[in-house]
Amino acid sequence: RQGLILRGTGNKVNLHFGVPMNRIVTEAGLSFRYRVSPRAGGGARIQFFVNGSPAGMAALDAAESESHLSHAEVTLSPDLFVADNTLTFELQRACSPECQGADSADWWVEVDSSTEIRSTGTMVPTPNRLSVLPAPFLTVGTQRLVNLPFVLDRNSDAKTRQAAGI
């Protein structure tokens, strides 16, 4: 499975994730696994942002081949975490004048799909009252649009289509 690809300088990719509303994050980190194009050279780095605030940076190791998987550990401030979060990866590079015009298609970083966000924290007890529903299972206001296709039999009757909300 291919991860997120960043090409050229200043390219950004966002990753959205949630933290249960009854959890207080006390420690957090990023286990960043990546591949770098062999043409990337030195001076490249990834800047990390959590919810728009600078959260860390990793200098990228130059790769000898496209298949070489590199790894960096980044500590993230737990104060930056809320219920609905965005982790931004921004590719930055500093290079000599000869590489300034280099084709960005030859200069890329892949954020491997095995990259992990880790957090530990304290669970706040949820009151045992029906009035708090749908919390803690669903946090109203932090949902994202989900495209969830489904298939019905061509010969489905009107009752089945009505039950499916169609």
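Remember, predicted model here, so these are calculated numbers, not experimental data.
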Under 3.5 Å side-chain donor-acceptor pair for [X] and [Y]:
| X | Y | answer |
| --- | --- | --- |
| D153 | S156 | no |
| R33 | S31 | yes |
| E27 | S119 | no |

Between the side chain of [X] and the main-chain N/O of [Y], is any donor-acceptor distance below 3.5 Å?
| X | Y | value |
| --- | --- | --- |
| D112 | T115 | no |
| E110 | G3 | yes |
| N85 | F81 | no |
| Q47 | G56 | yes |

Cluster question for you: counting only ILVMFWY and a side-chain heavy-atom cut-off of under 4.5 Å, with indirect links fine, are [X] and [Y] together?
| X | Y | answer |
| --- | --- | --- |
| L15 | V74 | yes |
| V82 | L76 | no |
| M57 | V50 | no |

Are V13 and V111 packed together at the side-chain level, in the sense that at least one heavy-atom pair is separated by less than 4.5 angstrom? no
message = Quick one, L80 and F49 - any side-chain contact, counting heavy atoms below 4.5 Å?
response = no
